[in-house]
Amino acid sequence: MKILICISNVPDTTTKIRFVNDNTAFDTNGVQWIINPWDELALTRALELKEGSSGAIEKVSVISVGPQSSEPTLRKALAIGADDAIRVNAEPKDAFAVAQQLAEAIKDEGYDLIISGIESSDYNGAAVGGMLAEFLGIASVSSVSGINFESGGFQVKREIDGGSEMVAAQTPFVAIIQKGVAIVPRIPSMRGIMQARTKPLKVVESSATDNLTEFVDYELPPAKAACKMVDPENMKELVNLLHTEAKVL
Amino acid sequence: MSVLVYTENWDGKFKKLSFELVSFAKGIAEMTGTSVTALSIGNVDAEELNKLGNYGASKIVEVKDDRLNHLINGAYSSIISQVAEKEGSSVVILSNNNTGKALAPRVSVKLKAGLVAGVNALPSSANPFIIKKKAFTGKAFANVKVKSDKKILTLNQNSFGVKESGGSASVEAFSPSLNDADFKTEVKDVHKVTGKVLLTDAEIVVSGGRGMKGPENWGPIEELAGLLGAATACSRPVSDEGWRPHEEHTGQTGKIIAPNLYIAAGISGAIQHVAGISSSKCIVAINKDNEAPIFEAADYGVIGDVMQVLPALIDAVKSFKSEN
Ligand SMILES: Cc1cc2nc3c(=O)[nH]c(=O)nc-3n(C[C@H](O)[C@H](O)[C@H](O)COP(=O)(O)OP(=O)(O)OC[C@H]3O[C@@H](n4cnc5c(N)ncnc54)[C@H](O)[C@@H]3O)c2cc1C
Ligand SMILES: Nc1ncnc2c1ncn2[C@@H]1O[C@H](COP(=O)(O)O)[C@@H](O)[C@H]1O
């Protein structure tokens, strides 16, 4: 069995968001890039599954569509424990194009389980995993909060309103994960960092894509009015404000 | 030509979410000079279906099939695409909830339609089609142009509101053509918790952070939530510590919610937490540290110890309830 994790390279979650060129581009100046938090959890879980599989899961690979500047993020994934990495050499413009690139790069590679995150923390597309499954003509299970490997197959737990379901899917399939598959992301060990330098990182040239959407420009949310302070001894006043001013009670 | 909206049901009933989607679809139909067709999958009775007319649907396409009792992404997205083709729909609308996130990307590929996920308002222009969406996990908005003829949008819950237009709709049954390839997943087991207000549906949310000190102190949070008909939530370390169930974890890596009122007790207001709650209409923060960043996100703030403020707030809500 082979597992593939789709990795999105995103700004660190504490990044102050600014735009340049008349608000048409994200200001990448001084930005720290990280593995999208979901993808980091997916990788963590995949490694746990591999380690517990007595060899049945041979390999955990990672793939990312991005320019050369995104390679450190893939190296980090290798340092965490992925066996090999693929970078599709293309600027990730929109989810549709990214999914097309991914599908083209992996269609003949025989991965049994492909994992993506529910959304990238930058463009919040919430789309690549589902699109990839459709391009490959395979099943997808979304809102996945747990993945197990038992008697040679994968079982996933899916969150539904007010509960959860256990779902069996025919391999290959795409699991689109959210919170729960792993709690604490694994961090690279010293040994992992050393090994990562020599692990294979393959660069694949980009393929043709359709361009259906375009980010025209950006806005920052309007500044919030100052917080109104209420005396802790006067909760009646707070309830009154919530009722008459905010009109939420 | 029409705007197609997928209206999800819960055990045969629609929720406010479904009516909000239809209201939003009606807004787009008015901008583009078309009408709204609503698609319902599953067993929903005629009276319930007819409610959709009141929010602007002029036609309802109904699909019933016993194989569709659980969400199966392949089959559901195939049905939505077939109905969109049949109706000549130029815009397809779903919710930006778990179901919409599961289906919209697949429909996008099937129809070769540009997808904009997480919109909050009508497009700023219909031609070219430009619409605003959330980006950078709530820290910014992006204006996105959709260049394909067909477009797919997913709407953030509680962002547009419900608008009654007082119309009525015709209902038409549709039998989709489905094959085995559409059913590659199988639900083995269902586990449901009942009787709780769902976090993503709740109008009011009472949430606790590490400042609550331990799971044994959650009594006031639950009591206040009970009084207000609210759902309970928490910050990430609280669920990581196992003080509260994971479904309650709110923020960038947990649930993203937009209630009318969010009460944060003993939560510092880290950027990743605020990312999940910043769309709330009104935020109340209770924290003993007057420099806690949560006060920058909040509308009303109380500086004090949660263990004193919460019981006082509970008393004030009780007397408000008895007077109103
Ligand atoms: C990639 C990433 C993703 C993350 N995603 C999330 C997420 O989705 N959601 C999330 O919540 N966090 C997330 N975090 C964690 C986040 O950065 C914070 O660590 C977390 O939100 C802090 O939780 P807290 O406010 O409960 O605890 P703390 O930061 O410990 O704050 C406790 C607060 O309680 C106050 N307090 C203490 N005692 C009292 C008292 N008696 N009365 C009143 N106030 C009191 C303190 O003044 C303090 O402000 C993420 C972090 C990373 C790196
Ligand atoms: N450029 C990319 N390369 C590889 N995978 C990606 C890329 N962008 C997004 N993904 C995957 O798709 C998920 C959802 O991202 P998105 O649809 O962009 O919100 C991410 O968590 C990744 O698993």
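In the text below, chain A, chain B and the rest are named by the order of the sequence lines, each starting its count at 1. What's counted below: heavy atoms across the whole structure, side chains too, no hydrogens, waters or symmetry copies.
Separation of the F135(A) and F96(A) ring centroids falls under the 6.0 Å cut-off.
Chosen from D231(A), L220(A), I183(A), the residue pairing most often with chain B at heavy-atom distances under 4.5 Å is I183(A). Contact count against chain A (heavy-atom pairs under 4.5 Å) is highest for A298(B) among A298(B), A275(B), G304(B), A285(B). When each of R236(B), H70(B), K255(B), K151(B) is scored by its heavy-atom pairs under 4.5 Å with chain A, the top score falls to H70(B). Among V141(A), D94(A), N211(A), the residue making the largest number of heavy-atom pairs under 4.5 Å with chain B is N211(A). Highest contact tally toward chain A, considering only L103(B), T253(B), N97(B), T200(B), is held by T253(B) [criterion: heavy-atom pairs under 4.5 Å]. The residue among I138(A), V184(A), V156(A) with the most heavy atom pairs within less than 4.5 Å of chain B is I138(A). Of the listed residues (A181(B), G114(B), G254(B), S77(B)), the greatest number of heavy-atom pairs within a distance under 4.5 Å of chain A belongs to G114(B). For chain B, the option among M131(A), K236(A), E237(A) with the highest count of heavy-atom pairs below 4.5 Å is M131(A). Counting heavy-atom pairs under 4.5 Å between each of N260(B), I130(B), V187(B) and chain A puts V187(B) at the top. When Q155(A), M235(A), K157(A), K247(A) are compared by the number of non-hydrogen pairs under 4.5 Å with chain B, M235(A) comes out ahead. In terms of heavy-atom pairs under 4.5 angstrom with chain A, the leader among G74(B), S278(B), C282(B) is C282(B).
With a 4.5 Å cut-off on non-hydrogen atoms, F19(A) touches chain B through its side chain but not through its backbone. With a 4.5 Å cut-off on non-hydrogen atoms, Q308(B) does not touch chain A at all. Looking at E233(A), neither its backbone nor its side chain comes within 4.5 Å of chain B, counting heavy atoms on both sides. Both the backbone and the side chain of L241(A) have a heavy atom closer than 4.5 Å to some heavy atom of chain B. Neither the backbone nor the side chain of I131(B) comes within contact range of chain A; no heavy atom of the residue lies under 4.5 Å from a heavy atom of that chain. Contacts of I271(B) with chain A are made by side-chain atoms alone, with heavy-atom separations under 4.5 Å and no backbone atom involved. With a 4.5 angstrom heavy-atom cutoff, A297(B) touches chain A only via backbone atoms. Contacts of K224(A) with chain B are made by side-chain atoms alone, with heavy-atom separations under 4.5 Å and no backbone atom involved. Proximity to chain B (any heavy atom under 4.5 Å) is shown, for L41(A), by neither the backbone nor the side chain. Residue L199(B) does not touch chain A at all, counting heavy-atom pairs closer than 4.5 Å. Proximity to chain A (any heavy atom under 4.5 Å) is shown, for V107(B), by neither the backbone nor the side chain. Using a 4.5 Å cut-off between heavy atoms, L198(B) contacts chain A through its side chain alone, with no backbone atom that close. Both the backbone and the side chain of T14(A) come within contact range of chain B, judged by heavy atoms closer than 4.5 Å. If you measure heavy-atom distances from F129(B) to chain A, you find no contacts under 4.5 Å at all. Of the two parts of P37(A), only the side chain, counted from C-beta on, holds a non-hydrogen atom closer than 4.5 Å to a non-hydrogen atom of chain B. Proximity to chain B (any heavy atom under 4.5 Å) is shown, for N23(A), by neither the backbone nor the side chain. Of the atoms belonging to I176(A), not a single heavy atom falls under 4.5 Å from chain B. Contacts of D210(A) with chain B are made by side-chain atoms alone, with heavy-atom separations under 4.5 Å and no backbone atom involved. Proximity to chain A (any heavy atom under 4.5 Å) is shown, for Q252(B), by both the backbone and the side chain. Only the side chain of E119(A) has a heavy atom closer than 4.5 Å to any heavy atom of chain B. Contacts of I286(B) with chain A are absent, with no heavy-atom separation under 4.5 Å from either backbone or side chain. Of the atoms belonging to I204(B), it is side-chain heavy atoms, and not backbone ones, that fall under 4.5 Å from chain A. Contact of N324(B) with chain A is made through the side chain alone, with heavy-atom distances under 4.5 Å.
Of the possible donor and acceptor atoms, none in the side chain of S108(B) sits under 3.5 Å from a partner among the backbone N and O of A104(B).
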Decide yes or no on side-chain hydrogen bond (donor to acceptor under 3.5 Å, both in side chains) for S8(A) and N36(A), but give the supporting numbers first.
CA-CA 5 Å; S8(A) 179; N36(A) 190 37; 4.9 Å; no

Would you sort out whether S95(B) and Q157(B) count as a side-chain hydrogen bond (donor to acceptor under 3.5 Å, both in side chains), showing the intermediate values?
CA-CA 7 Å; S95(B) 172; Q157(B) 199 168 342; 5.1 Å; no

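Considering all non-hydrogen atoms of both residues, A117(B) and G125(A) come closest at CB-O, 3.2 Å. In this structure, V181(A) and G146(A) approach most closely via the heavy-atom pair CG1-N, 3.7 Å. What you find for S239(B) and H249(B) is that their closest heavy atoms are OG-CB, 3.4 Å.
Heavy atoms of other residues, nucleotides or ligands lying less than 6.0 angstrom from CG of D149(B) number 12 at most.
For the pair E245(A) and K228(A), the salt-bridge criterion is met [side-chain N within less than 4.0 Å of a carboxylate O]. Ion pair K188(B)/E186(B) flagged as a salt bridge, since at least one NZ, NE, NH1 or NH2 atom sits closer than 4.0 Å to an Asp/Glu carboxylate oxygen. Ion pair K281(B)/D299(B) not flagged as a salt bridge, since none of the NZ, NE, NH1 or NH2 atoms sits closer than 4.0 Å to an Asp/Glu carboxylate oxygen.
In this structure, K2(A) is positioned above the aromatic face of Y111(A), its NZ or CZ under 6.0 Å from the six-membered ring centre and within 45° of the axis.
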Run the side-chain donor-acceptor check on residues 134-143 of chain B: report pairs under 3.5 Å with partners two or more places apart or on a different chain.
from: T137(B); atom 1: OG1; to: S121(A); atom 2: O; distance (Å): 2.9
from: K139(B); atom 1: NZ; to: T13(A); atom 2: O; distance (Å): 2.9
from: K139(B); atom 1: NZ; to: T15(A); atom 2: O; distance (Å): 3.1
from: N143(B); atom 1: ND2; to: D217(A); atom 2: OD1; distance (Å): 2.7
from: N143(B); atom 1: ND2; to: E219(A); atom 2: OE2; distance (Å): 3.1

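In summary, the side chains of D161(A) and W10(B) do present a donor paired with an acceptor at a separation below 3.5 Å, with no hydrogens or angles considered. T171(A) and D112(A) are not linked by any side-chain donor-acceptor pair at a separation below 3.5 angstrom, with hydrogens and angles left out of the test. A donor and an acceptor atom, one from each side chain of T99(B) and E8(B), are located under 3.5 Å apart. Side-chain polar atoms of R158(A) and S164(A) form no donor-acceptor pair below 3.5 angstrom.
Classified by interplanar angle (parallel below 30°, tilted 30° to 60°, perpendicular above 60°), the ring pair F26(A)/W33(A) is perpendicular.
Between S148(B) atom OG and L212(A) atom CG the span is 4.5 Å, to the nearest 0.5 Å.
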